[in-house]
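For reference, the structure discussed in these notes is given below.
Below, each value reflects all heavy atoms present in this structure, side chains not excepted, and no hydrogens, waters or symmetry copies.
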Amino acid sequence: MPISHFQSVSSPFAAQVYTALRKVPAGRVITYAALGRRIGCRSPRAIGQALRANPFAPQVPCHRVIASDLTPGGFQGKTAGPALARKLRLLASEGTHFENNRLTDPRRAIR
DNA sequence: TGTGGCGCGTAAT
DNA sequence: ATTACGCGCCACA
């Protein structure tokens, strides 16, 4: 299912982000910067911005995108609270765990 | 650990 | 065309 089929994709840039993100398998996570790198974008904030207006949760795994220092980063526009809690729960269901607000197994991260 | 500046796509002005 | 803002990041102290 091509990304362009998603109604909630607002810009071509977002489509690139989602397409690249879909290649990150369950059980792994990628950095905002690394994800950006894959599509030739040098602004991690732009990546987060594209993920902000979250498309479909399972198809485009925006919960697999974390910060460069291996902290969780944000979810649905927020960096804390219930939203973030859901992100962590999704990750946990894939075997990706955080301890002390830090990725437990750094080998899961794509830098 | 804290602060400041940089990056660039998007929305608002 | 300009300004302002944002699920960040890196350098430097």
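When both distances must be under 3.5 Å, the Watson-Crick or G-U wobble mate of B:dG4 is C:dC10.
Distances were taken from every side-chain heavy atom of A:Cys41 (C-beta onward) to each of B:dC8, C:dC7, C:dG8; the shortest belongs to B:dC8. When distances run from any side-chain atom of A:Arg42 to the nucleotides C:dC9, B:dC8, B:dT10, the shortest one goes to B:dC8. When each of C:dC9, B:dT10, B:dC8 is scored by its nearest atom to the side-chain atoms of A:Ser11, the top-ranked nucleotide is B:dT10. The listed nucleotides are C:dG6, C:dC7, C:dC9; the one nearest the side chain of A:Cys62 is C:dC7.
Against the 90° criterion about 0, the sugar-base torsion of C:dC7 places it in the syn range.
Between A:Asp69 atom CG and C:dC7 atom C1' there is a gap of 13 Å when expressed in whole angstrom units. One interatomic measurement links the two molecules: CZ of A:Phe98 to P of C:dC7, which rounds to 18 Å at whole-angstrom precision. A:Ile30 has its CD1 atom 16 Å from the P atom of C:dG8, to the nearest Å. Between A:Arg37 atom CZ and C:dC10 atom P the separation is 8 Å, expressed in whole Å. Straight-line distance from the CZ atom of A:Phe75 to the P atom of C:dG8: 14 Å, rounded to whole Å. In this structure, A:Leu35 places its CG atom 15 Å from C1' of B:dC8, rounding to the nearest Å. Computed from coordinates, the A:Lys78 NZ to C:dC5 P distance equals 20 Å when rounded to whole Å. Rounding to whole angstrom units, CZ of residue A:Arg111 and C1' of C:dG8 are separated by 14 Å.
If you check every strand for non-hydrogen atoms under 4.0 Å, A:Gly77 touches a base. At the heavy-atom level, A:Phe13 lies under 4.0 Å from the strands shown only through sugar-phosphate atoms.
For A:Ser68, a side-chain nitrogen or oxygen approaches OP1 or OP2 of C:dC10 to under 4.0 Å. Checking the phosphate oxygens (OP1, OP2) of C:dG6, no side-chain nitrogen or oxygen of A:Arg52 falls inside 4.0 Å.
Contact annotation: the side chain of A:Ile39 approaches that of A:Val17 to within less than 4.5 Å [non-hydrogen atoms, C-beta and beyond].
Residues A:Tyr32 and A:Val24 share a single hydrophobic cluster, defined by chaining ILVMFWY side chains whose heavy atoms lie under 4.5 Å apart.
If you find the closest nucleotide of DNA chain C to A:Gln49 and to A:Ala34, the one lying nearer the 5' end belongs to A:Gln49. Between A:Ala46 and A:Thr31, the residue whose closest nucleotide on DNA chain C is further toward the 5' end is A:Ala46.
Taking CG from A:Leu88 and CG from A:Asn101, the interatomic distance works out to 7.5 Å, rounded to the nearest 0.5 Å.
Using a cutoff of 4.0 Å between basic side-chain nitrogens and carboxylate oxygens, A:Glu94 and A:Arg64 are scored as salt-bridged.
In summary, the side chains of A:Arg86 and A:Gln76 do present a donor paired with an acceptor at a separation below 3.5 Å, with no hydrogens or angles considered.
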